[in-house]
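All of these numbers come straight from a predicted model, not from anything done at the bench.
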Amino acid sequence: MNGMSGIFLEFSAATVGVVVAAVLVTGWVLVLWRRRDLTARRLLLAGVTSCYLAGVAMVTVPLQVRTGDFGNLIPWYERAHLVPLAGLDTTTVVLNIVMTVPAGVLLPLLVEVRGVGQVARTGLALSAVIESMQFVTDVLISGGRTADVNDLAANTLGAVLGYLLYRALTRVPVIACLAAGGRPGTPAPSRTTTSRDAESSIVPDRHRSGAATAPGL
């Protein structure tokens with residue numbers, strides 16, 4: 001524009017998502033291949049996780065760069081919502097909860113999880129990284145994303161709910177079987193192991209039935 005100086009760039013969310021997904025999938029596959037740990041199940045997990053993180057990036061990463069005369073004129077110390085529950089928007093809270101539910105489901109598939117506390121800390125850390133990135137980029141390049149302390153609580157809650165959902169789903173034998181062995185670095189269950197476990201659960205029943213019928217002989 002005439003008489004104005006600075007930079008004004010915009011990016012599409014789809015472009016950001018495609019780039020993030022491509023980088024993550026490529027890097028993940030290379031790591032698994034070098035570790036000789038590349039299986040169909042882990043490749044699927046890598047693809048699903050990468051697509052999820054790409055989706056998160058599409059709704060959290062700044063999609064614009066504005067400097068100079070195009071920049072945001074609001075003082076930097078007013079560009080974050082730091083008062084809990086102030087200006088709370090129900091729709092935004094629900095969306096932030098939903099956004100991190102998949103993180104709580106995927107986390108125990110990726111690493112060993114020792115309890116809800118670990119998931120809550122991970123969700124909080126993920127949210128803190130996102131909010132910090134949004135604040136810094138808004139101050140430096142007027143990225144257009146606003147950091148909000150309420151998002152920290154909503155994202156943490158979403159991750160915990162996702163983990164509880166994972167625990168509920170893995171009580172179903174079929175889903176538990178699908179989830180087993182997907183974590184990188186852990187051996188996938190073999191058919192031999194599965195059949196051996198099945199036999200070990202049947203043999204005691206046979207002994208018990210034999211013991212019950214012995215006095216009648």
Side-chain angles (χ1 to χ4, degrees), residues 10-21 23-24 28 45-66 72 74-171 175 179 182-183:
E10 291 183 325
F11 312 96
S12 68
T15 300
V16 172
V18 170
V19 171
V20 172
V23 171
L24 289 176
W28 206 321
L45 179 60
V48 171
T49 305
S50 298
C51 289
Y52 164 67
L53 293 176
V56 172
M58 291 172 64
V59 297
T60 59
V61 171
L63 300 177
Q64 64 183 23
V65 176
R66 296 188 300 165
N72 192 341
I74 299 176
W76 66 270
Y77 50 83
E78 295 181 3
R79 299 192 189 186
H81 299 159
L82 302 178
V83 181
L85 304 180
L88 192 65
D89 180 69
T90 304
T91 301
T92 301
V93 171
V94 172
L95 290 176
N96 274 284
I97 292 174
V98 172
M99 184 182 74
T100 50
V101 167
V105 175
L106 292 170
L107 185 63
L109 297 175
L110 298 170
V111 298
E112 182 180 359
V113 173
R114 300 183 181 278
V116 176
Q118 180 182 348
V119 177
R121 290 190 295 271
T122 303
L124 179 61
L126 173 63
S127 182
V129 169
I130 293 174
E131 299 304 315
S132 298
M133 177 266 296
Q134 291 178 339
F135 176 72
V136 171
T137 55
D138 192 42
V139 171
L140 297 179
I141 59 174
S142 298
R145 302 289 190 184
T146 302
D148 192 334
V149 69
N150 295 309
D151 295 348
L152 294 174
N155 294 153
T156 303
L157 176 59
V160 171
L161 292 177
Y163 176 64
L164 295 178
L165 175 62
Y166 165 82
R167 293 185 59 177
L169 291 175
T170 51
R171 293 181 183 275
I175 298 178
R183 186 187 311 142

Does [X] use its side chain to pair, donor to acceptor, with the backbone of [Y] at less than 3.5 Å?
| X | Y | value |
| --- | --- | --- |
| Glu131 | Ala80 | no |
| Ser12 | Thr15 | yes |
| Arg145 | Val59 | yes |
| Arg79 | Asp138 | yes |
| Ser132 | Val129 | no |

Please list, one pair per line, the donor and acceptor atoms closer than 3.5 Å that link side chains of residues 45-57 to other protein atoms, with sequence neighbours excluded.
unit_1: Thr49; atom_1: OG1; unit_2: Leu45; atom_2: O; d: 2.8
unit_1: Ser50; atom_1: OG; unit_2: Ala46; atom_2: O; d: 2.7
unit_1: Tyr52; atom_1: OH; unit_2: Met99; atom_2: O; d: 2.6

Using the rule given for side-chain contact (heavy atoms from CB on, under 4.5 Å), can you reason through Val20 versus Leu24, listing the C-alpha separation, both sets of side-chain angles and the distance that settles it, and then say yes or no? CA-CA 6 Å; Val20 172; Leu24 289 176; 3.7 Å; yes

Measure the shortest side-chain to side-chain distance between Arg167 and Pro108 over non-hydrogen atoms and say whether it is less than 4.5 angstrom.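 Contact flag for Arg167/Pro108 side chains = no.
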
With a 4.5 Å limit on heavy-atom distance, are the side chains of Leu88 and Leu85 in contact?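 Side chain of Leu88 against side chain of Leu85, heavy atoms only: contact under 4.5 Å found.
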
Among Ile97, Asn96, Thr91, Val98, find the one that has a side chain to side chain contact (heavy atoms under 4.5 Å, CB included) with Val94.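 Exactly one pass, corresponding to Val98.
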
Nearest 0.5 Å please: distance from the [atom1] atom of [X] over to the [atom2] atom of [Y].
| X | Y | atom1 | atom2 | answer |
| --- | --- | --- | --- | --- |
| Thr122 | Leu107 | OG1 | CG | 5.0 Å |
| Leu109 | Tyr166 | CG | OH | 5.0 Å |
| Gln134 | Thr146 | CD | OG1 | 7.5 Å |

In sequence, state the C-alpha distance, the side-chain angles, and the governing distance for Asp151 and Asp148, and then conclude on side-chain contact (heavy atoms from CB on, under 4.5 Å). CA-CA 6 Å; Asp151 295 348; Asp148 192 334; 3.5 Å; yes

side-chain contact (heavy atoms from CB on, under 4.5 Å) assessment of Tyr163 paired with Val105: CA-CA 5 Å; Tyr163 176 64; Val105 175; over 6 Å; no

Results of side chain to side chain donor-acceptor pair (under 3.5 Å) for Ser127 - residues two or more places apart only: Asn155

Could you walk me through whether Val149 and Val83 pass side-chain contact (heavy atoms from CB on, under 4.5 Å), step by step? CA-CA 7 Å; Val149 69; Val83 181; 5.9 Å; no

